[in-house]
Amino acid sequence: MEMVGSSKHPCFLIRTAKKGDLNSLRKLIRGTRYENIPDLVFKQIVLHSFKIQVVLLLVASLPHLAFNLHFIWSLIFYSFLVFALLILNNLRWKKHIRGSSLELESWQDFSDLYLKPAGCLFIVATTEINNEQVIAGCVGLRTPSEELAAHIKRATLSSNSFEVMRMGVFKPFRRLGLAKLLMQECENRVQNRSHFGEFNFVLACNEGIPLKMYTKFGYNIVHEEQVADLLAFGAFKDYVLAKSFQC
């Protein structure tokens, strides 16, 4: 365990995750995704998509064209369509986020993924509030998924790679440098116990805050692609980033 902090920032205790953390981790990891991903995707594939806006405006104009209703009804209908798409998008992404984080439902599955494989880990940062240690943030390393492993091979990166997963910081502890501290701790732990001459951290993320944060941490984009969504009318960008280390 390591205590980090400063006179301006809270002191954080960084340690390996344990079974009693799972409920807090589930709330943190899924909560941060619920906050960011649905809104980001909705802006990209609906609000900022010329094709989607044209379709919505054409559909919204039907009451005016077919029944000669006042144009204000077309604006109301357009607003209703946008709101309906927003609700459907949020519901779909909440279902997707839950379905893609099933290891958070079981400590056995969680430990099998992050704690048992060689080199993998999951750490949490805690701080004291009202004489109780509470989780402020977390991050994990696992064996890369098949999809990321293919990108690692195409980018001719070392096979000694770990996938960065489940980075999250609760709102009261953001903008304090905690994400950077967590990533540095991951790097230090792998370097200190690794027999590899070199290794890589790789991760997948989308546009917005995660991309800006990881590039600031020294990660480089090794792959990017447009991901079709909303019946292929809209799309958003996914990125694969990597950072190399020498022991």
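Just so you know, these numbers come straight off a predicted model, no measurement behind them.
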Worksheet item: Which atom names give the shortest non-hydrogen contact between Val202 and Pro144, and what distance separates them?
Response: CG2-CG, 4.5 Å
Worksheet item: Is there a side-chain contact between Gln191 and Gln246 (heavy atoms, below 4.5 Å)?
Response: no
Worksheet item: Taking only residues two or more places apart in sequence or in another chain, which ones pass side-chain contact (heavy atoms from CB on, under 4.5 Å) with Pro117?
Response: Cys120, Thr143
Worksheet entry | Glu35 with Arg174: basic N within carboxylate O range, under 4.0 Å | yes
Worksheet entry | Taking every non-hydrogen atom, the tightest pair across Ala136 and Phe12 | CB-CE2, 3.7 Å
Worksheet item: Looking at side-chain heavy atoms only, is the closest gap between Arg92 and His96 below 4.5 Å?
Response: no
Worksheet item: Is the closest side-chain heavy-atom distance between Val240 and Leu148 below 4.5 Å?
Response: yes
Worksheet item: Can any side-chain N or O of Asp21 pair as donor or acceptor with the backbone N or O of Ala17 at less than 3.5 Å?
Response: no
Discussion item. Taking the side chain as everything from C-beta on, heavy atoms only, tell me whether Leu62 gets closer than 4.5 Å to Phe67.
Written reply: no
Practice prompt. Any chance you could measure Leu81, atom CG, to Leu86, atom CG, to the nearest 0.5 Å?
Written response: 12.5 Å
Discussion item. I'd like to know whether Asn200 forms a side-chain contact (heavy atoms from CB on, under 4.5 Å) with Asn160, so could you lay out the CA-CA distance, the side-chain angles of the two residues, the decisive distance to 0.1 Å, and finally the verdict.
Written reply: CA-CA 6 Å; Asn200 305 293; Asn160 302 321; over 6 Å; no
Response to the item:
Heavy-atom nearest pair, Ile152 first then Ser158, reads CG2-O, 3.7 Å
Response to the item:
Here the gap from Cys138 atom SG to Leu182 atom CG, rounded to the nearest 0.5 Å, amounts to 7.5 Å
Worksheet item: Just by distance, do the side chain of Thr156 and the backbone of Lys153 share a donor-acceptor pair under 3.5 Å?
Response: no
Item to complete: Using the salt bridge (Lys or Arg N to Asp or Glu O under 4.0 Å) rule, collect all pairs that involve residues 103-123, keeping only residues at least two apart or in two chains.
Response: Arg30-Glu105, Arg98-Glu105, Glu103-Arg166, Asp112-Lys116
Worksheet item: Once you round to the nearest 0.5 Å, how far does CG of Leu115 lie from NZ of Lys18?
Response: 13.0 Å
Discussion item. Applying salt bridge (Lys or Arg N to Asp or Glu O under 4.0 Å), can you list everything that pairs with Arg142, at least two apart in sequence or on another chain?
Written reply: Glu163
Discussion item. Keeping Thr16 on the side-chain end and Ile123 on the backbone end, is there a donor-acceptor pair under 3.5 Å?
Written reply: no
Worksheet item: Do Leu241 and Thr215 pass the side-chain contact (heavy atoms from CB on, under 4.5 Å) test, and can you show the C-alpha distance, the side-chain angles, and the key distance before you say yes or no?
Response: CA-CA 8 Å; Leu241 294 87; Thr215 52; 3.8 Å; yes
Worksheet item: If we ignore angles and hydrogens, is there a donor and acceptor under 3.5 Å between the side chains of Asn192 and Arg189?
Response: no
Worksheet item: Side-chain contact, heavy-atom cut-off 4.5 Å: Met167 with Tyr214?
Response: yes
Item to complete: With sequence neighbours left out, write down each residue that passes ring-ring contact (aromatic ring centres under 6.0 Å, His included) with Phe245, or none if nothing qualifies.
Response: Phe199, Phe201
Item to complete: Look up atom CD1 in Ile97 and atom CG in Leu104, then write down how far apart they are to the nearest 0.5 Å.
Response: 12.0 Å
Practice prompt. Taking the side chain as every heavy atom from C-beta outward, state whether Lys94 and Tyr34 have any pair of such atoms under 4.5 Å apart.
Written response: yes
Discussion item. Under a 3.5 Å distance rule, please check whether Glu224 uses its side chain to pair with a backbone N or O of Lys237 as donor and acceptor.
Written reply: no
Discussion item. Are the side chains of Cys186 and Val164 in contact, using a 4.5 Å heavy-atom criterion?
Written reply: no
Discussion item. Could you check whether His70 and Trp73 have their ring centres less than 6.0 Å apart?
Written reply: no
Worksheet entry | side-chain contact (heavy atoms from CB on, under 4.5 Å) partners of Val82, counting only residues at least two apart | Phe42, Leu47, Leu56, Tyr78
Worksheet item: Within a strict 4.5 Å, meaning less than it, do heavy atoms of the Thr127 and Val134 side chains meet?
Response: yes
Worksheet entry | Residues in ring-ring contact (aromatic ring centres under 6.0 Å, His included) contact with Tyr114, at least two apart in sequence or another chain | Phe110, Phe122
Worksheet item: Has Lys243 got its NZ or CZ under 6.0 Å from the middle of the six-membered ring of Phe217, at an angle within 45 degrees of the ring axis?
Response: no
